[in-house]
Amino acid sequence: MDALRINKIAAALLSGVLLIMVFGKIGNILVDPKIDISNAYPIEVPEKNQIKSKVVEEVVIEPILALLATANLESGQKISKKCVACHGFDAGGPNKVGPNLYNIVNKDQGKADYAYSKVLASLSGKWSYEELNKFLYKPKLYSKGTKMNYAGLSKTKDRANLIAWLRTKSDSPVSLP
């Protein structure tokens, strides 16, 4: 083996790398690559000074008055089992985490022997069929700040069944409309 063979291989490699670098620089000068740093899909970021405007969508809750006449009391009783952990339904029964709901239909809102949240305590009026319907749809939507942590009943028929069953939990049930 030739003593200069290793030197020849190293010189060839260094010359090759040097040629690649020179041709790369010449190519950049001829083509002038300017890298566009903008996004392909621009994302608009609002400035901090802009005021956020909230679009409030009005929620339309279906009325249940027509469904009360054909409501299924057994289904209403089954639905009420979700409420038993926090509410009582017996005459003269004690309040639990939530108030006793015996005789709730047409009862004054927020006026009872229960420590309601400030929002519910400030309500005036009665727990009519429609008010109960609105409340049971989404309690947090009906009264923002309520202590009731229940998501609500989205099905209109379920709300009608429950309210019809609650109507029977009274000494003198309110007549149907």
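The minimum heavy-atom distance between K126 and E131, with the atom names listed, is O-CG, 3.6 Å. Across every non-hydrogen atom of R159 and L153, the tightest pair is NH1-O, 2.8 Å. For the residue pair L136 and P139, the shortest heavy atom distance occurs at O-CD, 4.4 Å. Between S117 and T146, the shortest heavy-atom distance links the atoms OG-CA, 3.6 Å. N100 and P94 make their closest contact through CB-O, 4.0 Å (heavy atoms, listed as atom of the first residue, atom of the second, distance). The two residues K134 and I61 have their closest heavy-atom pair at CA-CD1, 3.9 Å.
In the hydrophobic clustering of this structure, V119 does not group with Y137; members are Ile, Leu, Val, Met, Phe, Trp, Tyr whose side-chain heavy atoms approach within less than 4.5 Å, directly or through other members. Residues Y102 and W165 are members of separate hydrophobic clusters, defined by side-chain heavy-atom contacts under 4.5 angstrom among Ile, Leu, Val, Met, Phe, Trp and Tyr.
A donor-acceptor contact shorter than 3.5 Å links the side chain of H87 to the backbone of P99. No donor-acceptor pair closer than 3.5 Å links the side chain of K82 to the backbone N or O of Y150.
Between Y116 and Y114, the angle of the ring planes goes over 60°, which puts this pair in the perpendicular group of the 30/60° scheme.
Using a 4.5 Å heavy-atom threshold, the side chains of V84 and F89 count as touching. The shortest distance between side-chain heavy atoms of I163 and N133 falls below 4.5 Å. In this structure, S170 and V105 have side chains that are not in contact, with every pair of non-hydrogen atoms separated by 4.5 Å or more. Side-chain atoms of L67 and E62, non-hydrogen and from C-beta on, never get closer than 4.5 Å to each other. In this structure, Q109 and L120 have side chains that are not in contact, with every pair of non-hydrogen atoms separated by 4.5 Å or more. Using a 4.5 Å cut-off on side-chain heavy atoms (C-beta onward), N149 and K140 make contact. Looking at I29 and I26, their side chains never come closer than 4.5 Å, going by heavy atoms from C-beta outward. Counting heavy atoms from C-beta on, the side chains of N161 and L73 never come closer than 4.5 Å.
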Working for side chain to side chain contact (heavy atoms under 4.5 Å, CB included), residues D158 and K78 | CA-CA 10 Å; D158 287 347; K78 286 179 186 176; over 6 Å; no
Assess whether side chain to side chain contact (heavy atoms under 4.5 Å, CB included) is satisfied between E130 and L65, documenting all intermediate values.
-> CA-CA 7 Å; E130 284 305 318; L65 295 179; 3.2 Å; yes
Assess whether side-chain hydrogen bond (donor to acceptor under 3.5 Å, both in side chains) is satisfied between N106 and Y129, documenting all intermediate values.
-> CA-CA 8 Å; N106 264 5; Y129 293 119; over 6 Å; no
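One distance of note links CG of L166 with OG of S80; it measures 7.5 Å at 0.5 Å rounding. The CD1 atom of I79 lies 8.5 Å from the CG atom of N72; values are rounded to the nearest 0.5 Å. For the atom pair K107 NZ and L101 CG, the distance stands at 8.0 Å (nearest 0.5 Å). For the atom pair CG (L123) and CG (D108), the distance works out to 11.5 Å, reported to the nearest 0.5 Å. Distance check, rounded to the nearest 0.5 Å: CD1 of I9 to CG of L14 gives 12.0 Å.
Atom NZ of K138 sits in a sparse spot, with 12 or fewer heavy atoms from other residues, nucleotides or ligands closer than 6.0 Å. Counted within 6.0 Å of NZ on K96, heavy atoms from surrounding residues, nucleotides or ligands total more than 12; the atom is thus considered enclosed.
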